[in-house]
Amino acid sequence: MKFPQSLLEEIRERIPVSDVVGRKVKLRRQGREYAGLSPFNKEKTPSFFVNDQKQFYHCFSSGKHGDIFKFLMETEGLSFPEAVEALAQQAGVVLPSPDPQVERRERERASLYDVMEMAARYFQLQFSSDLGREARRYAQARGLTGETLKTFRFGYSANSRDHLKSYLLERGVSEDDMLATGLVIKPDDGRATYDRFRNRLMIPIEDEKGRVVAFGGRILDPDGKPKYLNSPETKLFFKGTMLFNAHRARQAAYEAGSAIVVEGYMDAIALHQAGIRNVVASLGTAFTEQQIARMWRFSNEPYICFDGDRAGRQAAHRSIERILPSLKAGYSFQFVFLPDGKDPDDLVRSGGAEAFRPVLGSAKPLSEVIWERELDAQPVDTPERKAAFEKRIEDLLNTIQDERVRRQYQLSFKSALSTLFWQQERQKRDESRNRGFTGGGARAGKGAGPSNALQASGNISRVPEEGQSTEYEYCLIGLAIHMPFLFEEFAEQILELPFQKASLEAFKHVLAQIIFDHKAQSYEDVYFHCGDDLKGLLDDLHGFEERKEDGSLVHPWGWRLAGRRRVHQLVYGPSRLFLQRLFQSYLNVLEVREIEKDLEREMGQLSGSVDEALFDRIRTLNNELHRRREENLREEQELSELYNQMKESGISDTLEDTLAQLAKPGMG
């Protein structure tokens, strides 16, 4: 119902905000205000303030702000009418009477609540009687304690057509009310009504005020069907809007800062018994918009816990379509998939709450579940399938109604798609290139194999993998040591790029000083001018010449650079142009890495209050990243083809001669 503003103002005037907040937060006066630790975030320094004069609270750590009604809604999960009703009672303010029609409907509903309460007590009596022996045995086998049976008001429905019906008739309940509450069924052929629930363990389903509105019954006959039977929808029970155990979980969810949604009420009961009280259960239907909104009253990002089997994953995937349109800034869901064949009841019965809590730590955000679902739908290995994958993602994201959230998802998924397709192409080219290697020093192609000196140094390998970008830094500096003219040519790019490896970042500037101040033109010049404290790093990047006592060569100059998975192309006598392109390709990879880092930083700034300029920067970075990756792939493919041509032509010189020739300025 709609409340007049004057009524709300009267309640506010009678109850100071500090009185309402003080029941949840320990407040200390600071001047005209009160301060305390945030009830919404864990913190050590108070950032939560209450001002009775202005009738509001404000939390700087979470940004939440409101009055006494909003505080109850935020901390106890109440709806606005429920908050008004609770505070009006506290303030001694009489709420206006509803109109006659509403009042009549409420009286009807009240009488139906009485009927359901009578039925709940009847089922409890039967559970404790001789007739309920099998129900008690089943409850004991499920590990349910006496306290749990009492808390959840377990009962038993006798194996009879009219046991409950007769009980209620004797107490003045009409058959119409029994039908209206779903306790009995009226056959279409005109026969007498009969009890809906027979020979079942009965569990009352209560609304958010703790009133019984429906029942769930678990069949006790092993061959009986269906296994679980719920009340039909009635004037009291709308299963698409309700959550089992909501009235008990509300306060626990506030205290824990999170809520857990499971598939069945037996799972919710098992977790509650194990001490996990912030748990509710859906009632056998796909999530509705109303249920999603109710879950968000408990927690901004509730955990949805599904069984780990195929059916559980299918249920999770079905929920995605319902959740996406309702997403809003700051509100989402986390998905938990239990080990295959297990449900929450199994876990806590075998290991208690400690067996369940680690599962919550493996929760996946909604975006990740969407990505995995669509990626698993079919292979993404052809242009057509990639296009279909991209379209499925696009269609899903377009269902998000909140424009800001939708754009954030689109930006995030566009980046993920770009990365996925780039990695696939990279893997294909790596595999293609690897098929050209024979390994172990065997002959590659038609020409001669690598020299004996290189084989002794560790054999050849391919360009470093993505994710090992520091190896590109090693390659760059190693080549610059061996051929200083490359450093001179690309000095501006090299010096502007921050290296991840701190020792290489420092050595980069030392090398610049050696090349530009001391006019180093060869690796001999670099070694001569390099300080003794850096000789170890220099050797690792390049490689000292090593000879035996008789003068025979063990390792040539630059052997570490040409081997050990670094610039192995050197052993095939590449031209100067090839080395320039190779050097540039290493720089390109590192520049792309910086774009990725910039994009990650910008994405980290996304929040509910971002401006259009941020979205524009992210779009620009996404487009630039995609373009640069494509360019790098094309260049890498061309270099790979040139490399294969070099291998097929073979080499005539020893590694020592090849490296020495390449190091001379102007050669190649």
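Ser47 and Glu43 form a side-chain donor-acceptor contact under 3.5 Å, judged by distance and modelled atom types alone. With hydrogens and angles left out, the side-chain atoms of Glu489 and Gln580 include a donor and acceptor closer than 3.5 Å. Judged purely by distance below 3.5 Å, without hydrogens or angles, the side chains of Gln584 and Asn588 pair a donor atom with an acceptor atom. The closest side-chain donor-acceptor pair between Gln493 and Glu591 falls under 3.5 angstrom. Between the side chains of Asn41 and Lys64, not a single donor N or O lies within less than 3.5 Å of an accepting N or O.
The aromatic rings of His529 and His518 sit parallel, their planes meeting at an angle under 30°, below the 60° perpendicular limit. Aromatic ring pairs are classed by plane angle as parallel below 30°, tilted from 30° to 60° and perpendicular above 60°; the pair Tyr472 and Tyr586 is perpendicular. Classified by interplanar angle (parallel below 30°, tilted 30° to 60°, perpendicular above 60°), the ring pair Tyr523/Tyr527 is perpendicular.
With a 4.5 Å cut-off on side-chain heavy atoms, Phe40 and Thr75 count as touching. Within the 4.5 Å cutoff, side-chain heavy atoms of Ile304 are placed close to those of Ile323.
The cationic group of Lys501 does not satisfy the cation-pi geometry with Phe499, failing either the under 6.0 Å distance to the six-membered ring centre or the 45° limit from the ring axis. For the pair Arg404 and Tyr409, the cation-pi criterion (under 6.0 Å, within 45° of the ring axis) is not fulfilled.
Within the model, atoms CD of Glu390 and CD of Glu374 stand 12.5 Å from one another, a figure rounded to the nearest 0.5 Å. To the nearest 0.5 Å, atoms CG (Leu511) and SG (Cys530) are separated by 8.5 Å. Separation of atoms CD1 (Ile400) and CZ (Arg407) is listed at 12.5 Å; rounding is to 0.5 Å. Ser362 contributes atom OG, which lies 13.5 Å from atom CZ of Phe335 (distance to the nearest 0.5 angstrom). In this structure, CG in Leu599 is found 11.5 Å from CZ in Arg617, a value given to the nearest 0.5 Å. Atoms CG and CD, from Leu476 and Glu471 in turn, are 11.5 Å apart once rounded to the nearest 0.5 Å.
A side chain to side chain contact (heavy atoms under 4.5 Å, CB included) with Phe413 is found for one member of Leu420, Leu396, Ile393 and no other, namely Ile393.
Residues Ala259 and Ala253 share a closest heavy-atom pair of CB-CB, 4.2 Å. Minimum interatomic distance between Leu411 and Asn622 (heavy atoms only, all atoms of both residues): O-ND2, 3.4 Å. Of all heavy-atom pairs spanning Leu495 and Ala512, the tightest one is CD2-CB, 4.2 Å. Across every non-hydrogen atom of Val25 and Leu37, the tightest pair is CG1-O, 3.4 Å. Scanning all heavy atoms of the two residues, the minimum distance from Leu537 to Ser503 falls at CD2-O, 4.0 Å. For Cys305 against Ile260, the heavy-atom pair with the smallest separation is CB-CG2, 4.2 Å.
No more than 12 heavy atoms of other residues, nucleotides or ligands lie within 6.0 Å of CZ in Phe528, so this atom counts as exposed by the packing criterion. More than 12 heavy atoms of other shown residues, nucleotides or ligands fall within 6.0 angstrom of atom CD in Glu368. Annotation: Lys391, atom NZ; neighbour count of heavy atoms from other residues, nucleotides and ligands within 6.0 Å does not exceed 12. The number of heavy atoms from other shown groups lying within 6.0 Å of NZ (Lys26) does not exceed 12.
Between the side chain of Ser575 and the backbone N or O of Phe578, at least one donor-acceptor pair lies under 3.5 Å. A donor-acceptor pair under 3.5 Å is formed between the side chain of Asn398 and the backbone N or O of Glu394. At distances below 3.5 Å, not a single donor-acceptor pair connects side-chain atoms of Asn300 with backbone N or O atoms of Tyr331. In this structure, Gln378 contributes its side chain and Arg385 its backbone to no donor-acceptor pair below 3.5 Å. Looking at Gln334, its side chain does come within 3.5 Å of a backbone N or O of Glu301 through a donor-acceptor pair. With hydrogens and angles disregarded, no donor-acceptor distance shorter than 3.5 Å links the side chain of His317 to the backbone of Arg373.
In this structure, Asp395 does not pair ionically with Arg392, as no charged nitrogen and carboxylate oxygen lie closer than 4.0 Å. Glu473 has no carboxylate O lying under 4.0 Å from a charged side-chain N of Lys508, or vice versa, which leaves the two without a salt bridge. A salt bridge links Lys597 to Glu594: at least one charged side-chain nitrogen sits closer than 4.0 Å to a carboxylate oxygen.
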Subject >> Chi angles and distances behind the salt bridge (charged side-chain N to carboxylate O under 4.0 Å, His left out) call for Glu624, Arg627 >> reply: CA-CA 5 Å; Glu624 177 68 7; Arg627 183 185 66 80; 2.7 Å; yes

**OP:** Show the numbers, then the answer: is there a side chain to side chain contact (heavy atoms under 4.5 Å, CB included) between Asn632 and Ser585?
**Re:** CA-CA 7 Å; Asn632 286 0; Ser585 73; over 6 Å; no

Original post:
Stepwise, does the ring pair (Phe, Tyr, Trp, His ring centres under 6.0 Å) test hold for Phe48 with Tyr57?
Top reply: CA-CA 7 Å; Phe48 182 83; Tyr57 65 87; 5.8 Å; yes

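Contacts of Phe583 classified as ring-ring contact (aromatic ring centres under 6.0 Å, His included), with partners at least two apart in sequence or in another chain: Phe490. In terms of the ring-ring contact (aromatic ring centres under 6.0 Å, His included) criterion, residue partners of Phe333 (sequence neighbours excluded) are, by chain and number, Trp296.
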